[in-house]
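Here is the structure we will look at.
What you are looking at is a predicted structure, and each value in this text was computed from that prediction instead of being measured. Proteins come first, then strands; the chains are lettered A, B, ... in the order of their sequence lines, and each starts at number 1.
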Protein chains: 2
Amino acid sequence: MAARQDRRSWRDVLEEIRNRVLTGRYGPGDKLPRDEDIAAELGCARSTVQRAMRDLADRGVVERRRKGGTRVRPDPVTRAVFDIPVARNEVESRGGSYGYQLIRAAIEETPPPVAAALDMRAPLPMLHVEALHLMNSRPFLYEDRWVLTRTVPEIETVDLGVVSANEWLLANKPYSRCDLRFSAETAGDRVAAIMGLEGGEALFVIERTTWSGDDPITTVKAVYAPGYHLRAEI
Amino acid sequence: MAARQDRRSWRDVLEEIRNRVLTGRYGPGDKLPRDEDIAAELGCARSTVQRAMRDLADRGVVERRRKGGTRVRPDPVTRAVFDIPVARNEVESRGGSYGYQLIRAAIEETPPPVAAALDMRAPLPMLHVEALHLMNSRPFLYEDRWVLTRTVPEIETVDLGVVSANEWLLANKPYSRCDLRFSAETAGDRVAAIMGLEGGEALFVIERTTWSGDDPITTVKAVYAPGYHLRAEI
DNA sequence: CATTATAATATGTAGCTACATAATATTGTC
DNA sequence: GACAATATTATGTAGCTACATATTATAATG
């Protein structure tokens, strides 16, 4: 096959190995031949096999270890990649007009759950920000955020009535680590009041915590308006 | 830096470029120099830059096009990779004992929303399966699934009281395309009854639709027990 | 002027070599 | 036999060359 071009591409190798996994020729937990042998069998260079294998490892199909070899992942998972856009972009890409509204910004002591999320031992003064992102003047996303001022002192000089803490931090304080949690939550009285809901609705929630090296930056709870859903395709 | 080994690794290149993006030296939408020039500047081979750039593109930091060059993604996103495990593995990896219970399995005509999810034009006979996955004998995940028997006729011969449709399909009918949707939903009467809830709780929902080539295989709504959350780390 | 053919170009891929690195296996020592 | 030192090995990385491919840019043509 591949008449004009006789070379075997890494995608061909990937497909071949993937098929062998899917048809059970290489079952869960099984050890695969070494790259070199697969290369010889399929008639390509080791680097081509390497390329394919790296992709399969990225996709969660196989696991590779130096000297240990390659084996099929024993527990099959569906690996999905999600892009979580900035609220402004998400609203605008849906053709809506974006609006932003600061609800509150104040210095407070770290509450215990926030300290836990950020791996902090002792409470410290933090900037607590609540804000609402709007689509077509209607609540789209409520954000409840804590920022560690010791890590990001400049944020105290920012007018959060104009720029959202989210956008400011993204542009000014890159993170090196990020924890993400997706969940569902019932709209409580406070959130319902802020978002103009009746209360009791199921809301999609993304919690995100970021660090710069070992220094905690911020933790946010982003609560989306009812009906929101996040998509991915594989 | 890198005393013993003077070579610059692709990770170094990646970090360097990433920093330039984060510090604004390469701003959103900006075009980067060609790989070859970056290689010359940083003192490494083009292949090393390529490796780093591919990774940055995978992470959603830059966009690359042949001849068009490399540019910084204009809209910053948080790209997260989630592994969605099979219920059994998820329960067992948390140290729980897994249980499975078939609620119902019957042939029905495709309802319109299911047809829409699967890109089907006309309704066809489908296998409608409802099942409950248990952790320590308590409801963990309720699955409401439709399987197109025309694509997977063998499933009619499977005893779904013993093997879950999910596990059987994963092992026997590989998919080539998969759509995923995350959302939050309020527990209705039926789901509440099945899961032993009071009703009105906010539940985390994953909807998954798969195809083999152009042939629809199945679409599932997976409803998790209250308190469930999905994690990722970047 | 629009439309099509052609050239130019940046990234993508395949193959090669050589060496690095992380494990695992083996051997040596007590 | 237990444990440490050493060898072995499969994957990982860096660099090189040559060519493929997809676009964009330019020139040719009606």
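One finds no salt bridge joining B/D144 and B/K221 here, because no Lys/Arg side-chain nitrogen approaches an Asp/Glu carboxylate oxygen to under 4.0 Å. Between B/D35 and B/R64 a salt bridge is recorded (basic side-chain N to carboxylate O distance below 4.0 Å). By the 4.0 Å N-to-carboxylate-O rule, A/D58 lies too far from A/R54 to be salt-bridged with it. In summary, B/K173 and B/E167 do not engage in a salt bridge, as defined by a charged side-chain N under 4.0 Å from a carboxylate O. Taking the charged nitrogens against the carboxylate oxygens, A/R18 and A/D55 have no contact shorter than 4.0 Å, which rules out a salt bridge. The pair B/R177-B/D179 meets the salt-bridge criterion, since a charged nitrogen lies less than 4.0 angstrom from a carboxylate oxygen.
For B/Q50, counting side-chain heavy atoms from C-beta on, the closest listed nucleotide (C/dT13, C/dA23, D/dG12) is C/dT13. The side chain of A/K67 has D/dT9 as its nearest neighbour among D/dT9, D/dT24, D/dT13. Listed candidates were D/dT24, C/dT13, D/dT11. Nearest to the side chain of B/R65 is D/dT24. The side chain of B/S9 approaches D/dT13 more closely than any other nucleotide in the set D/dT13, D/dC16, C/dT11.
Contact annotation for A/G69: backbone-only contact, meaning every heavy-atom pair under 4.0 Å involves sugar-phosphate atoms and none involves a base. Using a 4.0 Å heavy-atom cutoff across all strands shown, A/R54 reaches no nucleic acid atom at all.
With hydrogens and angles left out, the side-chain atoms of B/E90 and B/Y228 include a donor and acceptor closer than 3.5 Å.
The CD-P distance, from B/E63 to D/dA22, rounds to 18 Å in whole Å. Put simply, CD1 on A/I38 is 12 Å from C1' on D/dT11, counting in whole angstrom units. Look at CZ on B/R51: it is 14 Å from C1' on C/dT13, rounded to the nearest Å. Rounded to an integer number of Å, the gap from CZ of B/R46 to P of D/dC19 is 14 Å. Rounded to an integer number of Å, the gap from CZ of B/R64 to C1' of D/dT23 is 14 Å. Between the CG atom of A/L42 and the C1' atom of C/dA14 there is a distance of 14 Å, given to the nearest Å. Between the CE atom of A/M53 and the P atom of D/dT13 there is a distance of 15 Å, given to the nearest Å. For A/W10 and D/dG12, the CH2 to P distance is 15 Å, given to the nearest whole Å.
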Original post:
Can you list the steps and then say if A/F140 with A/H133 is a ring-ring contact (aromatic ring centres under 6.0 Å, His included)?
Top reply: CA-CA 6 Å; A/F140 174 74; A/H133 301 263; 8.3 Å; no

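Atom CZ of A/R94 has more than 12 heavy atoms from other residues, nucleotides or ligands within 6.0 Å.
Between the side chain of A/T48 and the main chain of A/C44, no donor-acceptor pair closer than 3.5 Å is present.
Nearest-nucleotide mapping onto DNA chain D: of B/R66 and B/R11, the residue sitting toward the 5' end is B/R11.
Across residues 25-37 of chain B, B/R34, B/D35 each have a non-hydrogen atom less than 4.0 Å from an atom of DNA chain C (numbered order).
When the C1' atoms of four end pairs are superposed on the next four at each end of the helix from C/dC1-D/dG30 to C/dC30-D/dG1, using five pairs per end, the two resulting axes differ in direction by 10°, to 10°.
Distances shown here put a side-chain N or O of A/T48 below 4.0 Å from the OP1 or OP2 atom of C/dG15. In this model, the phosphate group of C/dT13 is not approached by any side-chain N or O of A/S47 to a distance below 4.0 Å at OP1 or OP2.
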